[in-house]
Amino acid sequence: MHIGVSPDPRNHSPRYAGRVTRTKLVERVIGRLAAVLAFGTFGAFGAFGAFGAFGALSLVGCGESGIVSTGQLAFESVGIQFNTQSVGGVEARATRIKNGYPQDLSIRSVEFEPPTSVFAARLDDGRTLAGAVLRGRRATDVSILFGPEAAESYASVMTVETYGGTRATVQLSGIGEVVTPARPVVVPARIRYSAPIEIGREAIETVLLTNVGQVAGTLSAPSDGPFSVRTHGGGAIEDALPVAPGDDVVLDVRFLPITLGEFASTLEIGLDDNRVALPVSATSTPAGVLSCDHDQIDFGPVPRGEKRTQRVFCQVSEGQYTLQGVGFVGGHSGLSVGNVNPVPGTQLTTLSFDVTFTAEGARARAQSTLRVTSLSRAATEVPISTEVDAPTPSSTDLSIGLTWTPVGTDLDLHLVKHPGAPYEAGTDCHWDAKTLRWGDPTSTLDDPFLDRDAVRGPGNEQINLIDAGRGTYDLWVQFFGFEGEVPLSPDAHISWSIRGLLSAEHTLVLDRCGDMWKVGTFDFQGGVGVFTPSGEVLDDWVDRTFVCP
């Protein structure tokens, strides 16, 4: 491909045996040039001397510019040193050739000494310099190209000669290097799942992939039957980022059998076009069935703040079983599991654990489901019934009871956090706000609960506060309503206890519907509950009732 240049003797030496021919190499170089330089449409090149090895190329450049005042022909640069370039790649450097004469000059030839095909020059329209016209007192943009063919150093002097005999020279040099493409190495080189894996269970072994090449590569790995490769703890390989030279990537090799048998495959893990074969083999086994000694669990009523625990025993039959976990579906948040033996992730034949219910929140019944799951996605379920009951007086800082007897009358308890007032949002625990968050947002033990609410006599209402802290609380009773035309005067009977000790009882007959009786104040600021009676009766909240005139 050297027009006007003697053949390169290296092409016939043993050292270069088997090398891609220069013509094919140059064609590959030219293909890359289109992407790297965006030179546009290549012009014919072979008819202009030593540049034929590059074929038809085009340039980036803006053409003739810049007035030259000297009477000479010269390149703007005395020498051009190219960067180290990979074999098969091309680098372009911009320069200008200056025509300092007033008349136009036509280029007769472009020669390299020593002759070489790794350097070439182009005008901005893709034409070679040979035959180009250099306008007088102008500078013409030129691109010099370097496309090494081997891993060695190159140097040459490019001479441009016009038909008038004037010459311009520029020294060119560059180094070619062989770049190793992205190449994967995987450790270990083989995977054998030593234990049989139950059907439906996903078993994972890890491998370490290293890119030992000199450029980045994008990871790829096809699946084959029950075997697949994923990023460690993540998704499919197609979502992975390229792997930089020298970088390590941990990969999960997954085995997920859905039938019985022995399985073997060879997974090809690749970086771009280079792949490494990873032999894998595994055996599947039937999934076991887990049966537990409880058809259902019913904790019965549990006072708020107390716990109940039941021990559960389970047995595996018919196959292999690896525990994934024990949990709950729906129901009350007070359920928990403890003392699981053996721990999740263990292949087992027997299983035992504790199910504990901690009663919290308002009085209520709830249904839940205990679920034991295996790594094969099998689930064993046991229904659970829970019920939160009012706390026992002995476990409660403050327990207040209200009773009355007349039929058809309605009285209501109000426990108000001082200095709040009845019906004040956030401070008054009563029929329309049966519980409030007064303290620790993660616990209900320091919250008041209206555990019993009655709407007609004979009636019985109860408010409990397990942890009173060091707060102050006002106790009120309202004659809320009645049935019939003439209201009866209910006798409000109050009893209360502090930490299980019955402290006092108070009774008052409420004559007018809507009246609010302030029974007194409980003060825990000193750490010991102290009650101060009041006896005040107000009608300030009669408008909050439905039937009182």
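All of these numbers come straight from a predicted model, not from anything done at the bench.
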Asn83 CG: over 12 foreign heavy atoms closer than 6.0 Å: yes

Short N-O contact, Asp252 and Arg254, less than 4.0 angstrom: no

Pairwise distance CZ(Arg308) to CZ(Phe299) - rounded to 0.5 angstrom: 10.0 Å

Nearest-0.5 Å distance that lies between atom CG in Leu172 and atom OH in Tyr154: 14.0 Å

Pairs where residues 176-188 contributes a residue and the test side-chain hydrogen bond (donor to acceptor under 3.5 Å, both in side chains) is met, not counting sequence neighbours: Thr180-Gln214

Under 3.5 Å side-chain donor-acceptor pair for Ser291 and Gln315: no

Asp447 and Arg437 ion-paired at < 4.0 Å: yes

Flag side-chain contact, heavy atom, 4.5 Å: Gln367 against Ser385: yes

No-hydrogen, no-angle side-chain donor-acceptor test under 3.5 Å, Ser281 and Arg192: yes

Any side-chain donor near an acceptor of the partner, Ser223 and Ser228, under 3.5 Å: no

Gap between atom CG of Leu251 and atom CD of Glu205 - 0.5 Å precision: 13.0 Å

Thr322 and Leu348: CA distance, side-chain angles, deciding distance, side-chain contact (heavy atoms from CB on, under 4.5 Å) verdict: CA-CA 6 Å; Thr322 303; Leu348 54 87; over 6 Å; no

Donor-acceptor side-chain pairing of Glu149 and Ser117 below 3.5 angstrom: yes

Phe75: partners by ring-ring contact (aromatic ring centres under 6.0 Å, His included), with sequence neighbours left out: none

Verdict with reasoning, Val253 to Tyr193, per side-chain contact (heavy atoms from CB on, under 4.5 Å): CA-CA 10 Å; Val253 182; Tyr193 295 82; 3.6 Å; yes

Reported CG-to-CD distance for the pair Leu323 and Gln347, which is rounded to 0.5 angstrom: 11.5 Å

Exercise: do Gln81 and Ser173 side chains pair donor with acceptor under 3.5 Å: yes

Gln310-Asp354 side chain donor-acceptor pair, cut-off 3.5 Å: no

OG1 on Thr427 to CH2 on Trp438, rounded to 0.5 Å: 7.5 Å

Plane angle bin for Phe263 and Phe227 - parallel if under 30°, tilted between 30 and 60°, otherwise perpendicular: perpendicular

Stepwise side-chain contact (heavy atoms from CB on, under 4.5 Å) test for Val326 and Leu370: CA-CA 7 Å; Val326 184; Leu370 170 70; 3.6 Å; yes

